[in-house]
Structures are given as structure tokens and as C-alpha cells.
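Before any comments, here is the structure.
The analysis underlying the following values was restricted to heavy atoms, covering all of them including side chains, and did not include hydrogens, waters or symmetry mates. Order of the sequence lines sets the chain letters (A, B, ...), proteins ahead of strands, with each chain counted from 1.
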There are 2 protein chains.
Amino acid sequence: MSSERPRPPASPTISEVAAAAGVGRATVARSLGNYGSVSEATRSHVLAVAARLGYRVNSLARSMTTGVTKTLGVVLADVANPFFAGVLRGLSDAAKQEGYDILVLSTNEELSEEKAAVGLLLDKQVDGLIVASAATRNDDLAHLQAVRERGVPIVLIDRLLAGFDADSVVINNREAAREAVATLIEAGHTRIGFVWGPVTVQPAEDLEAMRSVLDGALWSDGERLRGYLDALADADLEFDTSLVTHVIKTETQATRAVSGMLALAEPPTAFFTTETDATVGTLRALRNRRLRCPDDVSLLGFDDTPWADVMEPPLSMVAQPMRDVGARAAELLIARIHGGDDEPLVHEVLPAQMVERGSVRKRKPTLLPR
Amino acid sequence: MSSERPRPPASPTISEVAAAAGVGRATVARSLGNYGSVSEATRSHVLAVAARLGYRVNSLARSMTTGVTKTLGVVLADVANPFFAGVLRGLSDAAKQEGYDILVLSTNEELSEEKAAVGLLLDKQVDGLIVASAATRNDDLAHLQAVRERGVPIVLIDRLLAGFDADSVVINNREAAREAVATLIEAGHTRIGFVWGPVTVQPAEDLEAMRSVLDGALWSDGERLRGYLDALADADLEFDTSLVTHVIKTETQATRAVSGMLALAEPPTAFFTTETDATVGTLRALRNRRLRCPDDVSLLGFDDTPWADVMEPPLSMVAQPMRDVGARAAELLIARIHGGDDEPLVHEVLPAQMVERGSVRKRKPTLLPR
DNA sequence: ATCAACTTTGATACCGGTATCAGAAGGTAG
DNA sequence: CTACCTTCTGATACCGGTATCAAAGTTGAT
């Protein structure tokens, strides 16, 4: 109101409210906090004064004494990735429902960033942690052990970890991938490209080598490839390592790798993709070669999107229940925060849903080369 | 190590480190905090002890005394919306760069949720606030005024507000929309559907009514519609209110509304869409009516996506620099936090980029009906 | 040996809440 | 009227850091 700067316009503290109301600090706290016993008269008086002064609690100070921040820490790879964005949405909604806030940090799949993120969240005294870890089997998990030692509950999402057991919420990656690839096989495809295996410098030489590569991969990636191998094995199809990409996960790399496969003597007649960027990259490669989907090449991939339905042809896709993953993780974590370590660990596996549209074409059964 | 529960495994405090190291608390703080003067000997000793005990600072306590949380509050509509997801990514990266964390709350475009979110973030003592407000011209902005009164810096993104001036980062919505629609007009289209005007129960009766509707709309929505009107005016085309949708913003509603337009006696030959869901909904409506793009109907819309390029036809779109919006907002806010209120407000306008692909077809100049 | 100037260190107030405890006020019973 | 139990209230310790201040210890110059 006055034109001269009111020096500290900062929010009033409980002491100031107490002074203004002519009562003790504890009485104010009781009135505001709705606990203990306060006479109705003073209580309403205090509330009125607090409202007049525009009092707001200082959550920091409160957390300081209660030891509870009502905040969940979330560590994931990239908030702009549609999958994680969906997860975050579910997470955020469920947490809000229970009166929790969310502190999100992303790691770009870098373990070093993950460690820093986890440390930061611990420092901020989050009540619990939700992590989609970038760690693979060979990595050091000390940062997660540290979380446990401090008694902070933790829920893993999207990826399990070999050396660290905790509550978890994941998709049935292996089975979903197997089912999807089986669909392609049933449609008569025998040469099926797999876009986005684990990154390696050299493609695995044979099935055995591939299996050991899998041990060093992100859990979800490994599972999807295992599902692919399962489907091949079920149908007695031979595994051809040249049909699995091993490139860094960007759209352009996918395009390049798929183009390579299409140039093979015996090119794939179908592709199975494990993520949005892989799908888009594959489509681009097809377009570059003037191949039509599904007439020339069939396509089936992970992660449904609103766009899939208006593509030409409409794309068949494996839809992950992203929001549910987030929501369940939040619920699990909050239950653990309230419940304690006594109950046994929960390992939730949500089913992915195959949405068949029009990108898989039945292939005429060609006579096998003798 | 020991099998019996070590009662409080919680992280050691500065006092415990001090006790273990046989020095005073202040000395520990100095060693750890790297300030004041400590002899090299004690310093390294303290550091060693701290490391051995696994000491981690309690950010809450620190913030308590310093009055700084190194945390930015972010309020937006929906983290799963690709636009906001992109913004968030830019925001998050830029903030991390400067050593800040981000507390995100989403509002689902509900003003009541926005107020709650802002209050919560203030309670948590964020150092600054970034808000994509759901408020329209007629709404009460007391919650934002309160932020200012508490001396917490605030940056508006994506939407400006009539009654509240602050640092801001937005897109040149009006000009970008005008340019896009002008492209359609240059291609010979005169009946251009506008998908997603402001929500109203009744479509505006005429241009005048429309202008007043705009006052009650979300800023960005209004600007895009103004750009559309600008383009029509520039080309001396008459404005037809039946070509503007006024439905709730969901994909299905867009489909329904567009179907309605296509059933008009003189249906649109081109559509301009203002968001991803509007674009997808429009495409679905075209598909339902077996209309082909761009042969039968041209399409141009806001918010580019990786999918646009592999559509049939590849979609021409207006690409918003989402990450830049987020990054600039974070930079601006942090500068304001460090700088103070003295410098004048900054209103940043980032240009959207039109990406021409193949969804706009030149239309044979039909003779105007006499 | 004396004193000033500087370095190193510990003690302690403080941030803004919550929680405990004890005393004051009011009501009822003996 | 005194004893005792409730209800209400204020004073104060505490959470885990930071910041200030004064005391103790060093060093060097005179």
C-alpha cells in the first residue's frame, strides 16, 4: 500500500501471529495445527489474526521437527520421453491424491547423474524414492544401498536390478515382446528385424554371445530381446544376429541400422521395435527405400501413441500402461512409508496390451529354400 | 553388519561428526562448508571422519538458516502433454546446470488446483516460481499477487495474463498462426476450419462477439485465433463463425466438431489446428469420412512431433521451441533470484518455426460464385 | 620479553516450526 | 472451604544446520 519499501515483506512467522494475537506461540501452533486443546474463543481469534496477516506455514521448519517432508523423490531418464512423461503423470496424480509432492530429477541414462540425483534427494530428506535406474548388471549399486541404509523406502520402476531387490513396478516385457513377435511369425514372417537391442560396439556373434551381452544390458531391453528369442525358439526359427541393431538409441541411428538390414541379401520382411524413436526411425528407413507398410514390410512396436491410429496404415502397437506404472509405484511407496519394512517386498508386473491395427500383413507362405 | 537392528541408522549429524572427530561443531561446518579458516590438518581429519561416518548434509536444516532452498517451483497443466513435457525437459536441464532442483505440480487447467499448487510451493519456500497459468482475463489473480508480495520471483510461461505483469517467456502465437493460415490461403484455400477456439457453450455469433469471447480465453488460445483472423483480414476473406470449434479439448471432441464442419453445405477445404490432440482428432475425422489429405483437404497445425515426418502425407506443422521456452524461463528466473527486482521486466518472445512437409496442397483457383 | 596482528577453534544464538511439561484457571465433589 | 480433576495456556527444549563472536594459540617485529 505505502509507496516506500516495507523492508521485510516476507511471510509472518508463528511468533508474529502470536504477538499480534496476544497469545503464546504454542497456542497459535495448536490453533493452526488443529491439535491439543484450545478454547473455541481464542482459537477462532488466532485463526482470524493469522488470516489477516496472511500467515503461511513454513514447511521446511515443520519438516525439521517432524522429520517428514511429504515429498517423494523421482529419478528417471528423461521427462520428455513419452513413456516417462506418462509415468510421471500417473505418479504425480497418485502422489497428490495422498498429499505428497514430487521432486523429479532426470539422468539421461547416465549412472553418474543417477548417483548425484539420488544423493541430492536424500539430502533434501525425501520420504521415499522412485527410481528407474540406468544401472546394468555390472554396475555398482552403492548409491541405492545407501538409500536403504538410511532407512528411506525405495521403489524401482520399469527396470529391475540384479544386485538390488526392492519393491518394484514393471511391465511384463518379455512376455509382451514374445507375444508381439509371435504375432509376426504367425503372419508368416521368418526374418524379423529387432530394432534396439543393447548397445555394443560389435554385434553379438551368435546366440551364446548374445545371451551374455544381455547380462550387461538394461533390464527392460534385455527382457524384450529375450521375448524375441523366445518367440523364435517357439517357432523353431533360427536366430540371425545381423537382424538385431546394437546402436545408440536415437531416431537417426535406428534409421541407419534398419537401412542396413534392408540391404541384406535376405532382408527382414517385418520389424519389431522396442520404443517410439525406434519405430519412427524404422518408418523413415522404409520410406527412404520406398517400401510400403504393410504391403512390403510389416511393423509392430512398443509404446502406443495417439498418432498410431491416424497413420497410414494405422500402426499395431504394444501399449504400456504408463500411468498405471506411475500410480502403482506411488501407492506402493506411500504404503511403505506408512507401513514400514516388515511386510514382504512387492513385485508388481503390469501387462502391456497389444493393440492390433493395420501394420502387420499376412505373408504368403513362400516355399522354404531347400 | 551386525544382525541386530541398529536402532537409528539415520544419517549422522554435524554434531556426531564433531564428537567423533573430537572438535567443535563449527569446525566441522567450516571444513565441510569450505569457508572460514581451518588448519589443513584438522580439516582433512574432519573430512575423513565425515566420509567414514557417511555424513550427508541435511538440506532442510541448511535452508532453514540460509533462507535459500535452491529449488524452483513449476506449475503447469499436464506433464504428459508433449508440449509441457518438452518445456519441462528444458527447464529441468537449465535448472540443474545452475544447481537448482525442480518441484513440479500440475493443475489440469483448473484454477483452483493452480492456487493450491502455488500455495504449496510457497510453503515449501521455493526460491522462485514458473507458472503456465490457467487463468483467463476474468479470473482472480490473488494467488499470484501473493507470490509477489512475499518477494518470490515469478516467471510466466506460454501464457501471459491481463492483470499481472511479470517476467515471461512465450511463443509468437499470433504471428505464427497468421503465417500458417496465410500459407493455406496462398495455396488457394478460402474456407479454413480452426480447430480449438476458446471453449463456449454457444459459438460466437459474429466477429464482434468472437472478439469479446477472446477476452475470456486462455492467452495463447486467443492469440492463435487472432492470428487466424488477421490472416483472413489480410486476404479480405469473410469470417465464418461456423468454422471455429468451441468444444472441450479432447481428441474425440475435435473429431466430432470437425465432422460437423465437413458436413456443412460449404465445407472447409483446409484445417488449421492449434494442438496435437486437435490435429490427431482432425485426421481421424478425415479418415472417418474417407477424405484424403492433402488431395481432398489440407492440414496445418501447431506442435511438431517426430511422427509428423513419417505420416502419409508428412504433416506440415508449426514447431514450438519447447525446450527453449523452459530453458529460458529457468535462466530468467535464476537471474532474477540473484539479481533482484531492480532490473526491468523481461518479456521474451520465441519464434515458432513452420515446417513445411506435404499436408498442404495447392488448390485450383475455383471461380468465385458470382 | 612484549605487543600487535593473524590464524585457528569452540561456544552459542538463530532460523520457524513442533512437542513436552508445568502452571493457571475453572469446575465439581466432599 | 479445601481437595482434586479438567481444560487451557505459556515457556521452553529441540530438529540440524549456519553465522557471529570471543578466546586461545601462533607468528613476527621491536
Side-chain angles (χ1 to χ4, degrees), chain A residues 8-47 49-50 53-71 120 122-127 150-151, chain B residues 8-47 49-50 53-71 120 122-127 150-151:
Chain A
S11 121
T13 71
I14 232 177
S15 304
E16 300 181 62
V17 175
V23 299
R25 302 197 305 148
T27 303
V28 176
R30 274 187 284 258
S31 307
L32 262 39
N34 233 29
Y35 70 99
S37 84
V38 198
S39 77
E40 190 43 42
T42 50
R43 168 203 191 61
S44 61
H45 174 227
V46 167
L47 256 45
V49 172
L53 296 185
Y55 172 82
R56 302 224 54 152
V57 71
N58 180 331
S59 306
L60 254 46
R62 169 177 291 169
S63 297
M64 195 77 230
T65 57
T66 60
V68 167
T69 53
K70 285 275 181 181
T71 303
L120 242 149
L122 284 183
D123 291 353
K124 292 228 172 187
Q125 313 295 114
V126 295
D127 294 340
R150 284 192 44 161
Chain B
S11 118
T13 71
I14 231 177
S15 303
E16 301 182 62
V17 174
V23 299
R25 301 199 305 148
T27 304
V28 175
R30 273 186 284 256
S31 306
L32 261 39
N34 233 29
Y35 70 99
S37 84
V38 199
S39 76
E40 190 43 42
T42 50
R43 168 204 191 61
S44 60
H45 174 226
V46 167
L47 257 45
V49 172
L53 296 184
Y55 172 83
R56 304 224 52 153
V57 72
N58 180 333
S59 305
L60 255 46
R62 169 178 291 169
S63 297
M64 195 78 231
T65 54
T66 60
V68 166
T69 54
K70 285 279 182 176
T71 302
L120 242 149
L122 284 184
D123 291 354
K124 292 228 172 189
Q125 314 294 116
V126 293
D127 293 340
R150 284 191 45 160

Taking 5' to 3' order, which nucleotide of DNA chain D is first and which is last to have an atom within less than 4.0 Å of a heavy atom in chain B? dG16(D) to dT20(D)

Of the non-hydrogen atoms in Thr27(B) and Val38(B), which two are nearest, and what is the gap between them? CG2-CG1, 4.0 Å

Looking across every strand, which nucleic acid part, if any, lies under 4.0 Å from Ser59(A) by heavy atom: base, sugar-phosphate, or nothing? nothing

Quick one: closest heavy-atom pair of Val49(A) and Val17(A), and the distance? CG1-O, 4.1 Å

What closest approach, in Å, do Val28(B) and Val23(B) show between heavy atoms, and which atom pair accounts for it? CG2-CG2, 3.7 Å

If you measure only the distance, is there a donor-acceptor pair under 3.5 Å linking the side chains of Lys124(A) and Thr71(B)? yes

When you compare the side chain of Gln125(A) with that of Arg56(B), does any pair of heavy atoms fall below 4.5 Å? no

By nearest-heavy-atom nucleotide on DNA chain C, the more 5' of Ile14(A) and Ser39(B) is Ser39(B)

What's the shortest heavy-atom distance between Met64(A) and Asn58(B), and which atoms? CE-ND2, 4.2 Å

Closest heavy-atom contact between Leu32(A) and Ile14(A)? CD2-CG1, 4.5 Å

Smallest separation among heavy atoms of Thr13(A) and Tyr55(A), with atom names: C-CE1, 3.8 Å

Would you mind telling me which residue lines up with the more 5' stretch of DNA chain C, Gly22(B) or Thr65(B), judged by nearest nucleotide? Gly22(B)

Let me know, please, whether Arg25(A) or Arg43(A) comes out on the 5' side of the other along DNA chain D by nearest nucleotide. Arg43(A)

How sharply is the helix from dA1(C)-dT30(D) to dG30(C)-dC1(D) bent, taking the axes over five pairs at either end and rounding to 10 degrees? 60°

Considering every strand and a 4.0 Å limit on heavy-atom distances, what is the contact class for Thr42(A): base, sugar-phosphate, or nothing? sugar-phosphate

OP1, OP2 of dT9(C) versus side-chain N and O of Ser37(B): anything below 4.0 Å? no

